[in-house]
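In what follows, chains are A, B, ... by sequence order, proteins preceding strands, each numbered from 1.
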6 protein chains.
Amino acid sequence: MTKVLVFSPHPDDDVIGCGGSIAKHVAKGNKVGVVYMTSGDIGSLAHSPAEIASIREREARQAAGCLGVSEVHFFKNHDGYLDCTWKNLVRVTSLLREFRPHIVYIPHEDDRHRDHRKTHELVVEACGWSGSPRAPVCGQNLWRVGTILCYEVGTPVRDCSYVEDITDYIDAKSRALAFHSSQLSNLDYNEAVRSLNRFRGITTGGGTYCECFQVVRATNLFSARDSFRRGD
Amino acid sequence: MTKVLVFSPHPDDDVIGCGGSIAKHVAKGNKVGVVYMTSGDIGSLAHSPAEIASIREREARQAAGCLGVSEVHFFKNHDGYLDCTWKNLVRVTSLLREFRPHIVYIPHEDDRHRDHRKTHELVVEACGWSGSPRAPVCGQNLWRVGTILCYEVGTPVRDCSYVEDITDYIDAKSRALAFHSSQLSNLDYNEAVRSLNRFRGITTGGGTYCECFQVVRATNLFSARDSFRRGD
Amino acid sequence: MTKVLVFSPHPDDDVIGCGGSIAKHVAKGNKVGVVYMTSGDIGSLAHSPAEIASIREREARQAAGCLGVSEVHFFKNHDGYLDCTWKNLVRVTSLLREFRPHIVYIPHEDDRHRDHRKTHELVVEACGWSGSPRAPVCGQNLWRVGTILCYEVGTPVRDCSYVEDITDYIDAKSRALAFHSSQLSNLDYNEAVRSLNRFRGITTGGGTYCECFQVVRATNLFSARDSFRRGD
Amino acid sequence: MTKVLVFSPHPDDDVIGCGGSIAKHVAKGNKVGVVYMTSGDIGSLAHSPAEIASIREREARQAAGCLGVSEVHFFKNHDGYLDCTWKNLVRVTSLLREFRPHIVYIPHEDDRHRDHRKTHELVVEACGWSGSPRAPVCGQNLWRVGTILCYEVGTPVRDCSYVEDITDYIDAKSRALAFHSSQLSNLDYNEAVRSLNRFRGITTGGGTYCECFQVVRATNLFSARDSFRRGD
Amino acid sequence: MTKVLVFSPHPDDDVIGCGGSIAKHVAKGNKVGVVYMTSGDIGSLAHSPAEIASIREREARQAAGCLGVSEVHFFKNHDGYLDCTWKNLVRVTSLLREFRPHIVYIPHEDDRHRDHRKTHELVVEACGWSGSPRAPVCGQNLWRVGTILCYEVGTPVRDCSYVEDITDYIDAKSRALAFHSSQLSNLDYNEAVRSLNRFRGITTGGGTYCECFQVVRATNLFSARDSFRRGD
Amino acid sequence: MTKVLVFSPHPDDDVIGCGGSIAKHVAKGNKVGVVYMTSGDIGSLAHSPAEIASIREREARQAAGCLGVSEVHFFKNHDGYLDCTWKNLVRVTSLLREFRPHIVYIPHEDDRHRDHRKTHELVVEACGWSGSPRAPVCGQNLWRVGTILCYEVGTPVRDCSYVEDITDYIDAKSRALAFHSSQLSNLDYNEAVRSLNRFRGITTGGGTYCECFQVVRATNLFSARDSFRRGD
């Protein structure tokens, strides 16, 4: 069974960046997990860090559940000050060797938000560890991630090298995002992301609504005979 | 009177990239001109180059007129193969010295379309010529362009260093774009650009609809006492 | 049937950069064509341009035939001074709409050789034309290329985002390259490329010999259920 | 009243990078504050860290006072090892929400000195925090910085997108810099900076002495009717 | 006597990246030292960090001895999580002021491995400290490093600005690398590096086997009359 | 005898960018030639192209003579629209094979002026041709350029990887530049370049006046035993 692991700097980045693709993976029978690097504990003026983290973890569970995600992990780093620490490298690598994802989603490296760039750097580094004969503290079963795709949240990706048609999943994506009500009260992320996905759909010609990605690594592009049937 | 000159690779790029800003400049009493580097003569499967160029020039005149543009220029380069030729450098520089714009709009340098990148390179180069004591063939009255802003069409700008709130002008922009019906039959540019401007508005917090730009050159940022009044 | 089109600045770049992948495509039953942008007419001190071009076209036909390539095209541009001209754009776009390749191979954009970079720029631009409703002179049947991969010749690719195991095809590749004897007398390209492919194989862990590519565009990454079976 | 906040990695970078602009802001009636990220405590071979920090803070107060700066802040990070820590992010964001600057000056991102790059990264990140509904620990009054400009110290800026004529303030700048005598005994910064400002003045045509900046963010470029009067 | 200092993220990177050049320096009578930033303590699945670090330090001493290196230093940072800390900056700067190397070798800044990039950043920063009148904790004898060259390990350098012919030293390099048997059991680095050096030799025309470098800083390029005799 | 060839986009760029180094090469007994890609025929408002070209060629001869340059070549391309044409590639390559320079000076690739960037691209390409067994039209005696250095004119180099102390030659440089009186009447280049060279001297610690360069290619860095004597 194809397995997918999404790394999200804060609760809601996963849905904004690749919520449609998550729903599509689930519809194909893929197993999807999500890792929240932080619980967004500075993401509110009205709540203490502990309160808002708790609220956002609940929202994240609901949104992910709504998309069909099988498991969620909260790494509970400090929001706003994520870093490529030993502890994070070990936790991410350990999870990669345990979950054994074929496909990994991360923010792209030019994202304006520092936590997003740090998530990118951290996971790419851990993917290197995971497949190499080192770091026994992370487990003995090496795992090489085949495909790494970078999603866009607030900063559009520069090199849009993969386009996913999410037209059939845009409503599921919107419903999932609606669970993140603590954040939507600040900004209308739902309309923002629908607008970006619509813009991408029209300009790439890939469908009514599309999610765009930068490919860091792809694999087995040509193994399947029939993969170019559909007009490609 | 503040004067604005927009360089557009093909008819409709001006409206898509900065149509709201054009309408806003006109509303402030600024004089706005538009230069079409090509007339988009390969932009149709159904028409000969001469036919479609003629159609698109008419559409461009109507759209520009609708926005309040004072004058339009057609440089009639080959669509798809614009280049930084002597003839183009002389024509652009000559127009800069004659029109004497304070503000110039061009596509940004990372645009996926070659004609867009070439328009950027050509106009930036010509702005250098215009203010230097050279090229008498372009006229004797040197003119230094104070502000150069780069707009986004199909490829979002990477460094969004200036945001213009065009909420009050989004409908005017849509009406103008509607004149480019030869192109809209291919792709729904109107919805695409409304989507991008809405995405930019929400994520920058700059207004309901915003146009985003990369600043190549700005001037007199601090000359006006009151320029930081409005919440800045 | 999956179709593949390789763009080669000079005769031999196709074999050096992706000869193993060509043989692998052929073995899977894919149809492969090669376009030589120039015939390498300055590539010898001992022959006139016409002579060496003729020699190298013959070598290219033999090498391509040896790999199982179905058709070759010689665009006969000036070696050393390839450019993104109207004529080249029209020829490449016309061929794309006629051949209708699912996969296109080109040099990568940071290649030290100017002709290689120009081939990259030209074909990426033409892929944009091919799928858009424009340029009727290039034919009426639009074609969107699904996958664009960039190969390495003398300059290793920086972002190695796709790895192809060519262990079973390295000898076929060497045999094909041996046909380019007019060039091999200058430099031992055969040993150079075997060395690079061996280095890539060891350091990526992808196989004994590997060809590495930068992904400009991928498609249908997840359409095939079984595409992640093989250890991925 | 327009308010300006300058972030300086060490005492003297503020004067070297934008001392003329500071004096000009003061002359216009703007309020200017300076934040010293470190007190330059490794900046001497002859003094202990505590001694030299104390000396340089005194020099910084005198130099800033000479330019008309209203307030100075010493954040007392370790010189040479500044980082984007939680503590620094909170302190910078808190000050932004309290001081409420319209304009912020920082080093540019390609500066050869690590502390300078880190100051850039830290303040840009904090400007993002300051205007967003998060981090209540930094205060409840959100503040969006309108303009962010990057100055040059030892490494010239690459994209010189804003030029300020400081001819009338070059002597004030030199007088201020002279207070940093602990540093001037090492290198003749005063002549270095006069040379760079003179070079910039001549090559940009902006005045006898000019300071050059890279624009990260600008605002309200066109709000003032008369802002293009002066030849622009 | 010319002195050379090599900074190696882990034991074996020194030999892989510039082992041939080290042997050549020794043959010319230069004094060569090597600094291992980490002892590679996560570099094995079969050993505890302490065990493998001890094994690799022994291998490093043997390999370095085999090449004629005069002294080795183990800085014993955590493998996988090297950083530009105060302690590292002080140790590297102190060693530079004590060893006084004319030439420094480091990994290049685009290396895929984070520890390699961090070694680059750290040493370049420390070279800046070393020659400036600051940081008395690192010693009072300032030392300016004349030449800084960046070597390639797993990621080829992009701008190959210096080529060293190591044909006469390739066997010594292989013999030295063979001492790193704890690592060679994982990957055949010896064949990988011979392949890369052979590829470089053929494509640059610099010799049968070559090591390629990116020049960060060079000095006295033209001081020696006869330096361009040998065909240059 | 060491031979040096300087490529200058317009008359005066050679003196501004590396006039001190030219004088220093001559003082060491090196042979220096200069190639002017254009004769600056649009460089005046008061003269026709033919007139100003003639004036500037005379000025160039005088300035070069004053520095001790042995030979000058005028390639008479159109000022402002230099390009990487077949004719230029052949002329530059032919001259390289005939003059056989050990060291070549060119503008750096990020220079703001298009002609400067094009000179860089053209000469780097031709250096590749010159050493390869091709292009018999350029001569049969292959020549590999050992060292390529990039100078700065109006845009400072970003990566200053080589510093030349020209303190003893700054007056000779100024005297040479004074011959370019047709250009100095526009801008005080002489003071601009003295200012930049002084800034470089102070901030690099390389001497009172220094010229800075980016190294594209260096050679034989370590061939001379004594090359690191002088404090290095």
Q: Counting only heavy atoms closer than 4.5 Å, note whether B/Leu149 contacts chain D via side chain, backbone, both or neither.
A: side chain
Q. For B/Gln214, is it the side chain, the backbone, both or neither that has a heavy atom under 4.5 Å from a heavy atom of chain D?
A.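 No part of B/Gln214 comes within 4.5 Å of chain D.
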**Q.** Within 6.0 Å of CD in D/Glu71, more than 12 heavy atoms from elsewhere
**A.**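 Buried by this count: over 12 neighbours within 6.0 Å.
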Q: Please indicate whether B/Gln62 has more than 12 foreign heavy atoms, meaning atoms of other residues, nucleotides or ligands, lying under 6.0 Å from its CD.
A: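 Count over threshold, so yes.
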Q) Is the closest side-chain heavy-atom distance between B/Ile103 and D/Leu221 below 4.5 Å? A)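 Contact flag for B/Ile103/D/Leu221 side chains = no.
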Q.
Tell me which of these, B/Met1, B/His25, B/Glu164, has more heavy-atom pairs under 4.5 Å with chain D than the rest.
A. B/His25
